[in-house]
Amino acid sequence: MNARVIVLGSGTSHGVPMIGCTCAVCRSADPHDRRTRPSIHIEVEGGPALLVDTSTDLRHQALAHGIARVDAILFTHSHADHVMGLDDVRRYNVMRGGAIPAYADARTAADLQRTFSYVFNPPDEKGGGLPQISLHTIIGPFAVDGVRVQPVPLFHGRRPVLGFRFGSFAYLTDCNRVDEAAWPLLEGLDVLILDALRHRAHPTHFTVAEALEVVARLRPRQTYFTHICHDLPHAATNAALPPGVALAYDGLTFAIEAAAEGAWT
Ligand SMILES: [Zn+2]
Ligand SMILES: [Zn+2]
Ligand SMILES: [Zn+2]
């Protein structure tokens, strides 16, 4: 199943430029150094359009990249930078003509129900309208309109979070450790998107050096780093990365081979 991935946002939770910062990257004229909050969109040819996370910048990202369809939402975890755009899903409800299924692990589902209580426990008067989400708790691999999704257990500090594998492609944002059970799920990747916040150590995100160790073990054909902060200038950082590894950027688009329901990966 041919599919197209668009990186909607490649930045850390503050985004780049960061409010009030005058560093060289935040003032850079290179559009690759402008990073919105992390999210990707996957459009399967003849199949569904999947949105991974509803970032704080969802509306801006959807307009910038012409995202006209979302058939399902997959949540990696419930941190604010990954969920705060949920209200903008209303437009996709209208265009789709109904509720959108969303998939999250039990903790993220509970957090979403609390954070967005007006969505999941709606008041009597609906006013400007509410997002319509049918929330499903992930307990293992699942399928969306015939496309297989393999959840990948990761650690983001001490917190378990999810990455997702779609056929030959995996999206592993917000992590600093791969669960031992996850390594076999990540064999034979063509393209990997992986968290690499900066060079300095961080308690919940891979550094560039740590992310390169994951790349050395998994050996995907191509790796893109995401969740990037203002410490990493796009061009200079890319020049120092090994072949087959580069920083992602907002608007980066590439083709993948998604797996059909019933396939192993
Ligand atoms: Zn994040
Ligand atoms: Zn800065
Ligand atoms: Zn996070």
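Order of listing sets the numbers, starting from 1, for every ligand and every atom in it. Since the model is a prediction, treat every value here as computed from it, not as a measurement.
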Under 6.0 Å between ring centres: does that hold for H234 and Y249? yes
Indicate, with yes or no, if the rings of H227 and H82 have centres closer together than 6.0 Å. yes
Please assess H77 against H156 for the test ring pair (Phe, Tyr, Trp, His ring centres under 6.0 Å), listing each intermediate value before the final yes or no. CA-CA 9 Å; H77 66 308; H156 184 26; 4.9 Å; yes
Just wondering, more than 12 heavy atoms not from [X] lying within 6.0 Å of its [atom1]?
X    : atom1 : value
L63  : CG    : yes
R59  : CZ    : no
R219 : CZ    : no

Quick one, S39 with L51, criterion side chain to side chain contact (heavy atoms under 4.5 Å, CB included). Give me CA distance, side-chain angles, the key distance, then yes/no. CA-CA 7 Å; S39 179; L51 179 66; 3.7 Å; yes
Of all the N, O or S atoms in H227, which one sits nearest to the Zn ion (ligand 1)?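 Going by distance to the Zn ion (ligand 1), the closest N, O or S atom in H227 is NE2.
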For the Zn ion (ligand 3), which protein N/O/S atoms are closer than 2.8 Å? H77 NE2, H79 ND1, H156 NE2, D174 OD2
Note: R37-D57 ion pair, threshold 4.0 Å (strictly below): yes
Below 4.0 angstrom, N of the basic side chain to O of the carboxylate: do D231 and R200 qualify? yes
Below 2.8 Å, which protein N, O or S atoms neighbour the Zn ion (ligand 2), ignoring water?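 Sorted hits: C21 SG, C23 SG, C26 SG, H230 ND1.
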Ring pair (Phe, Tyr, Trp, His ring centres under 6.0 Å), that's the test. Do F166 and Y171 meet it? Break it down for me. CA-CA 8 Å; F166 311 86; Y171 181 64; 8.2 Å; no
